[in-house]
Amino acid sequence: MPALTVEQKEHFEEYGFVHVPDVFDPEGTIDPVIDEYAGVLDSLADKLYSEGVISSTHSDLEFGERVTKIYGESGEIHNQFFDFSLPLNGVLPDTPFWAGPAVFNALTAPGVLDVAESVVGGEVYSNPVQHVRIKVPEAISPRDDDGNVIGGVTPWHQDAGVVNSDADETHMLTVWFPLMDTDVQNGCLTVVPGSHRGELLTHCPGYKERPGLQIPEHLFNVGDSMPIPVKKGGALLFTKKTVHASLPNVSDRIRWSFDLRYQPTGEATGRSVFPGFIARSASNPDVELHDPATWYEMWRDTRDSLARGEQPTFTRWDGSDPPCA
Ligand SMILES: O=C(O)CCC(=O)C(=O)O
Ligand SMILES: [Fe+2]
C-alpha cells in the first residue's frame with residue numbers, strides 16, 4: 001500500500017523533498033540496528049586496542065561517547081568499519097564494511113518500502129549508493145592537515161552529481177533518516193526547496209579548499225535553504241536533483257544517520273559495480289531479496305573482486321568546469 005499521503009506527495013513534487021515523521025518503527029527496526037552496531041564497535045575497539053592504537057576498549061561507555069573517544073584517541077575516523085558500502089577507490093581484500101541483518105531489515109522495512117513505492121512505483125530496487133554516517137562532535141573531532149573536520153559537514157550537492165552519468169535518466173529517490181533525534185545543533189540536513197526543478201548543477205571537487213564534491217554557492221539560492229530536523233523514526237525524502245547539505249555537528253553528542261536510495265528496477269544505479277537488489281516487486285514477489293546473508297555475500301564478493309582487479313572511477317567532475325574557478 002503506498003504510504004505517502006496526497007499532501008506529502010504533493011509537497012515532494014512541489015518542493016523536491018518531504019519530511020515524513022513516521023516511516024520506521026523506532027523499537028522494532030532502529031533499536032536492533034543500534035544494538036548491532038554496538039557489536040561492530042566492540043570489534044573495532046578490540047582491533048585498535050590489540051594494535052596499541054588506543055589505551056582501552058572503553059567498553060564502559062555508551063555507543064556515541066565510545067565512538068567519539070575511540071576516534072579522538074586514535075586520531076582517525078573509522079567510518080568504513082560501519083558502512084554498508086565500499087570506498088570509491090582503494091578497495092583491499094581486508095577493507096572493512098558492515099552489512100548485517102538488522103541493517104538489511106532497515107533497508108527492507110515495510111514502512112520505507114511503502115514510501116519508496118509511492119514515489120518510484122511497484123518495482124522497487126535498492127540502489128547500492130547508501131551509507132551510515134556517524135559524525136562526532138566537531139569540537140573534539142580528528143581533523144586533516146588543513147584543519148578540516150574529517151567526515152564533518154557534507155557540502156552542497158545533488159545526489160545525481162555523485163553518481164555516474166549512466167544514472168541520469170534514473171528515477172532515484174533518497175531516503176535519509178537518523179538513528180537518533182537530529183536538529184540544527186547536531187547537524188541535520190538542510191535543503192533548497194524547489195531546486196529539483198532546475199538542471200544538474202556543476203559540482204566542483206575541493207572547491208575553495210573545502211574537502212568533498214560541492215556545488216559553488218553562486219549557482220543556486222543558498223538563502224532559500226531550510227534545515228529539516230528529523231526525529232528517530234522519521235525520514236527526509238528528496239529527489240536526485242534537490243540541492244542539499246548537512247549542518248556541522250556543534251553539539252556534544254554524535255549525529256548518526258542512514259541514507260538509502262531506491263529506484264525503479266531495471267534503471268541504472270550510477271555505481272554499476274556495486275550490488276543492488278530487488279526490494280519489492282508488485283508483479284513478481286518471488287524475485288524480492290529477503291535473506292540478509294545473501295546481501296552480505298553480495299558485498300563481500302564485490303569487495304573481493306574489486307580488490308583483485310581494476311577499480312572504476314566514480315566521479316564525473318574534475319574541477320575544470322568554469323564555475324569551479
Ligand atoms: O548525512 C549527511 O551528512 C549527508 C547525506 C546526504 O547527502 C544524502 O543523504 O544524500
Ligand atoms: Fe546527498
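Ligands are counted one by one from 1 in listed order, and the atoms in each one are counted from 1 as well.
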Residue T174 vicinity, atoms of ligand 1 by number, heavy atom under 4.0 Å: 9 (O), 10 (O)
Using non-hydrogen atoms of the residue, decide whether V153 is closer than 4.0 angstrom to ligand 1.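 False for this residue.
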Exactly one of W98, F258, W295, F84 should register a ring pair (Phe, Tyr, Trp, His ring centres under 6.0 Å) with F104. Which one does?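 So the option named by the test is W295.
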Among all protein heavy atoms, pick out the one at the shortest distance from atom 6 (C) of ligand 1; state its residue, atom name and that distance to 0.1 Å.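 The closest heavy atom on the protein side is H244 NE2, 3.7 Å.
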What is the name of the N/O/S atom of H244 that is nearest to the Fe ion (ligand 2)?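 Result for H244 and the Fe ion (ligand 2): NE2.
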Please could you name the atoms of ligand 1 that K135 approaches to less than 4.0 Å, counting only its heavy atoms?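 By the 4.0 Å cutoff, the relevant atoms are 2 (C), 3 (O).
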Near F238, which atoms of ligand 1 are under 4.0 Å from a heavy atom of that residue? 8 (C), 9 (O), 10 (O)
Less than 4.5 Å apart, side chain to side chain, heavy atoms only: is that true for T95 and P87? yes
For T154, counting its heavy atoms only, list the atoms of ligand 1 lying under 4.0 Å from any of them.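 Per the distance check, 2 (C), 3 (O), 4 (C), 7 (O).
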What atoms in ligand 1 come closer than 4.0 Å to a heavy atom of S246?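 Those of ligand 1 that fall under 4.0 Å from S246 are 3 (O).
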Taking just the N, O or S atoms of D159, which one is nearest to the Fe ion (ligand 2)? OD1
Taking R316 first and then D168, would you say they form a salt bridge - that is, a charged N and a carboxylate O separated by under 4.0 Å?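 Counted as a salt bridge, because a side-chain N and a carboxylate O are separated by less than 4.0 Å.
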Close approach of R261 to ligand 1, heavy atoms, under 4.0 angstrom: yes
With a 4.0 Å heavy-atom cut-off (strictly under), which part of H131 contacts ligand 1: side chain, backbone, both or neither? neither
Per-atom contacts of ligand 1 with W176, taking only distances under 4.0 Å to non-hydrogen atoms: 1 (O), 2 (C), 5 (C), 9 (O)
Before accepting this row, confirm whether a basic side-chain N of the pair E117/R280 lies closer than 4.0 Å to the acidic partner's carboxylate O. yes
Check: V192 and M226 side chains under 4.5 Å, non-hydrogen atoms: no
Can you tell whether the side chains of K9 and E13 come within less than 4.0 Å, N to carboxylate O? yes
Proximal ligand 1 atoms for S257, defined as those under 4.0 Å from one of its heavy atoms: 1 (O)
Quick one: look at R255 and ligand 1, take heavy-atom pairs under 4.0 Å, and tell me if it's side chain, backbone, both or neither. side chain
Check each atom of ligand 1 against the heavy atoms of L189 and keep those under 4.0 Å away; list them by number with element.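 Selected atoms, number and element: 1 (O), 2 (C), 3 (O), 4 (C).
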Tell me the protein heavy atom at minimum distance from atom 9 (O) of ligand 1, and give that distance in Å.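 Among all protein heavy atoms, the one nearest atom 9 (O) of ligand 1 is D259 CB, 3.0 Å.
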Are the charged groups of R261 and D259 less than 4.0 angstrom apart, N to O? yes
Run the ring-centre check on F238 versus H196 and record whether the distance is less than 6.0 Å.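 That pair fails the under 6.0 Å test.
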Name the orientation class of the two ring planes belonging to F82 and F63 (parallel below 30°, tilted from 30 to 60°, perpendicular beyond 60°). perpendicular
Between F17 and H11, ring centroids under 6.0 Å: yes
